[in-house]
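Fair warning: this is a prediction, and the values are worked out from it, not measured in the lab. Within every chain, numbering begins at 1; the chains are lettered A, B, ... in the order of the sequence lines, protein sequences first and strands thereafter.
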Amino acid sequence: MTDNTVKPADPTALSADAQAPRVEQESRWTTAMRAFRTAPLTAWFGMIVILLYILVAIFAPALAPFGEREIVADAFEIPDDTYLLGTDQLGRDMLSRMIYAARNTVGIALITTILSFLLGSFLGMMAAVMGGWTDNILSRIVDVLMSIPQLIFALLLLTIVGANVVNMILVIALLDSTRVYRLMRAVGMNIVVMDYVEAAKLRGEGLVWLIRKEILPNAMAPLIAEFGLRFCFVFLTIAALSFLGLGIQPPTADWGTMVRDNAQLITFGEIIPLYPAAAIALLTVAVNFVVDWMLHRSSGLKE
Amino acid sequence: MHPIAKMALQRLALGVFTLFVVSIIIAGAVEFLPGDLAQEILGQSATPEAVAAFRAEVGLDKPPVERYFSWLGGVAQGDFGVSLATKRPISDLIAARLGNTLFLAGFAALIAVPLAVTLGMLAALYRNSWFDRLVNVSTLSSISFPEFFVAYVLILFLSVGYGFDARWVLAVLGLLLLVEGGGAVKSALKDSGRFSFIGAIVGVLGLALVVNAVFSWWTYQVEPVQAFPSISNISPNTPFGERVYRSFLPALTLTLVVTAHMMRMTRASIINLMASPYIEMARLKGMSPGRIIFKHALPNALAPIINVIAINLAYLITGVVVVEVVFVYPGLGQLLVDSVSKRDITVVQGCCLIFAATYILLNLTADILAIATNPRLLHPK
């Protein structure tokens, strides 16, 4: 309908318009390629490491020499040709558990982050679009939830509902969604006041259309960077809770729990408990490097 | 009344109100969330009579509102009730441990704050130099490390005698200097056709460091270090010097974790400030860099820096939980974790309230200090 009312003065302008989407897509592709080419070393390092982790997580059963819960030898065997990283406190192969943990730990962190994002960005968007009472009530609830340190609050909630994986996922997703809410609301607020959103509203577009077609596409860049940051944070929180014995429960292989179970070895000068801890550290470093590069690129105009 | 005093009072009232709401959440979470605590603590096989007796003993049979206000009244007088697991008064459990935790956090803050602020400012001033890049990469990495990773690495190198090979550090530093010096020489030649002596000296120094490290790996082994205890057992009558010595490793862990955060945020806020028009004006007038920083930038940088410090001290609170568990340090965090696994809800509530109060207090102090150093914040736009 809008097409009929707006008549271009110049027919050539129309043809240029018609070609615009294709041209823009090509240029977007080339910008992406250029961005990859000019990416700093740290970002490349991060992307390669993340890819490796994904591959290990997907092909865990094929890569691991032994089963996840299989007891193959005596407890705390030193590394040799069969058990490349030795065995753990029950005699399970350390390397196999490390590989399976890539699947469990990263998978659980990813599920939690996605949940937290769905909840946080949905509510944040509602607050931005609806404003008024909805915004006020939601924001006050979030303020109160954020006035207790996150890990402490998580510990309190886990005491009440009981410490297990499902509860941990729900509790962390809920607490972390407050941060996503803040960002989504702030970003959304800036977009809602734009003229094109106003125009869409005047055209009589519904709420869902407004969010899907006008706001979300423009909020994507900060949201993606935030997803990386939140993933790191959630991943570290889950690792900390598992390390404290309140997160992912045995016999599921998980890096945080593995550090806790084998920690006594460190007093004998063995570095084995450090391997799972280093696996956690390496992935968060990698994600942070990539996010840092993305943030730097998106703020590049300001500097 | 002085406007700042008035503002401080307002913030204080707001803080007390927040604390009140937080206490309602901490007490009310038990009611709203699913799960019957009495049943779960006593086990599935407990008889209904036993569960009822337990409820009466703990006071779970009274209506929630009455229970909340009697709890709050007790807390206001320093009485947190009794532990469900040990039946001991919680105030006794908390008292000594709170002091220990504050000591540890204070110790860490004392090292971390000056270190982080100085390094952050340097990184901001020498932006995009190799120092800045090194700082950026290393702080980004250490932010990403879980606290227990940092803790165990420190234990390995400084406590159990794994043998820390400082030559690695020297070799990496040498390599960096070599690349940097070489780059300087190259770009000077390309830009102005002149030979950069400083670049050459830096490069040769780097090369010397690398060569030295490589040769010394053939010739001798390092002595293992067993300088600090890996378990910080502290009792109320431990003398001060001993206390510092025994809590050195946990404090160092916390320092490393917090410094990275604090430094990055200091750097960012100073860079932000240095980009503002009045600094550019001062620079265009030909003012010396030192004068720009101390006369123009610093007074306005105080507010953001205070904020950064407060945020990170608040971050110390959560960091302390994991670090205390690693080092078996008798603090509040350790008590909290033990109580969570025993599902000793009354103790958990007490600990949470203290942690939350500290957190709110820190943020409040930061707010007030920031406004006191920058009166413009009294009049928000």
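With a 4.5 angstrom heavy-atom cutoff, B:Tyr152 touches chain A via backbone and side-chain atoms both. For B:Asn363, no part sits under 4.5 Å from any heavy atom of chain A, backbone or side chain. With a 4.5 Å cut-off on non-hydrogen atoms, B:Val153 touches chain A through its backbone and its side chain both. For B:Ser141, the parts lying near chain A are the backbone and the side chain together; criterion is any non-hydrogen pair under 4.5 Å. Neither the backbone nor the side chain of B:Leu19 comes within contact range of chain A; no heavy atom of the residue lies under 4.5 Å from a heavy atom of that chain. For B:Arg264, the part lying near chain A is the side chain, with the backbone staying farther off; criterion is any non-hydrogen pair under 4.5 Å. Proximity to chain A (any heavy atom under 4.5 Å) is restricted, for B:Phe148, to the side chain, taken from C-beta onward. Only the side chain of A:Asp292 comes within contact range of chain B, with heavy atoms under 4.5 Å apart. Contacts of B:Val325 with chain A are made by side-chain atoms alone, with heavy-atom separations under 4.5 Å and no backbone atom involved. Contacts of A:Phe153 with chain B are made by side-chain atoms alone, with heavy-atom separations under 4.5 Å and no backbone atom involved.
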If you apply the rule side-chain contact (heavy atoms from CB on, under 4.5 Å), what do you find for B:Ser341 with A:Leu246, and how did you get there? CA-CA 7 Å; B:Ser341 40; A:Leu246 307 167; 4.0 Å; yes
Determine, step by step, whether A:Leu244 and B:Val321 satisfy the side-chain contact (heavy atoms from CB on, under 4.5 Å) criterion, reporting the C-alpha distance in whole Å, the side-chain angles of both residues, the deciding distance to 0.1 Å, and the verdict. CA-CA 9 Å; A:Leu244 296 175; B:Val321 176; 4.1 Å; yes
One pair to check against side-chain contact (heavy atoms from CB on, under 4.5 Å): A:Leu274 and B:Phe149. What are the steps and the verdict? CA-CA 7 Å; A:Leu274 279 185; B:Phe149 179 65; 4.0 Å; yes
Test side-chain contact (heavy atoms from CB on, under 4.5 Å) on A:Val285 and B:Phe145 and set out the steps. CA-CA 7 Å; A:Val285 170; B:Phe145 293 161; 3.7 Å; yes
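For chain B, the option among A:Gly256, A:Cys232, A:Ala286, A:Ala278 with the highest count of heavy-atom pairs below 4.5 Å is A:Ala278. Here A:Ile152 is the residue among A:Val287, A:Ile152, A:Leu151, A:Leu236 with the most heavy-atom pairs under 4.5 Å with chain B. Per-residue counts of heavy-atom pairs under 4.5 Å with chain B were compared for A:Pro276, A:Ala239, A:Pro40; the largest is that of A:Ala239. In terms of heavy-atom pairs under 4.5 angstrom with chain A, the leader among B:Ile26, B:Ile360, B:Ile143 is B:Ile26. Each of A:Ala263, A:Gly245, A:Ala281 has some count of heavy-atom pairs under 4.5 Å with chain B, and the biggest count is that of A:Ala281.
Closest non-hydrogen pair, B:Ile25 versus A:Val144, comes out as CD1-CG1, 2.9 Å. The heavy-atom pair separating A:Thr284 from B:Ser144 by the smallest distance is OG1-O, 2.7 Å. Between B:Ala356 and A:Pro149, the shortest heavy-atom contact is CA-CD, 4.1 Å. Across all their heavy atoms, B:Arg343 and A:Ile160 have their closest contact at NH2-O, 2.6 Å.
Note that CG of B:Leu336 and CG of A:Leu156 are 8.5 Å apart. Values are rounded to the nearest 0.5 Å. A:Met146 CE to B:Tyr359 OH: the interatomic distance, rounded to the nearest 0.5 Å, is 6.5 Å.
Contacts with chain B (heavy atom to heavy atom, under 4.5 Å) involve these residues of residues 42-51 of chain A, listed by number: A:Thr42.
Partners of A:Phe117 according to the ring pair (Phe, Tyr, Trp, His ring centres under 6.0 Å) rule, which considers only residues two or more places apart in sequence or in another chain, are A:Phe227.
B:Glu280 CD: 12 or fewer foreign heavy atoms inside a 6.0 Å radius.
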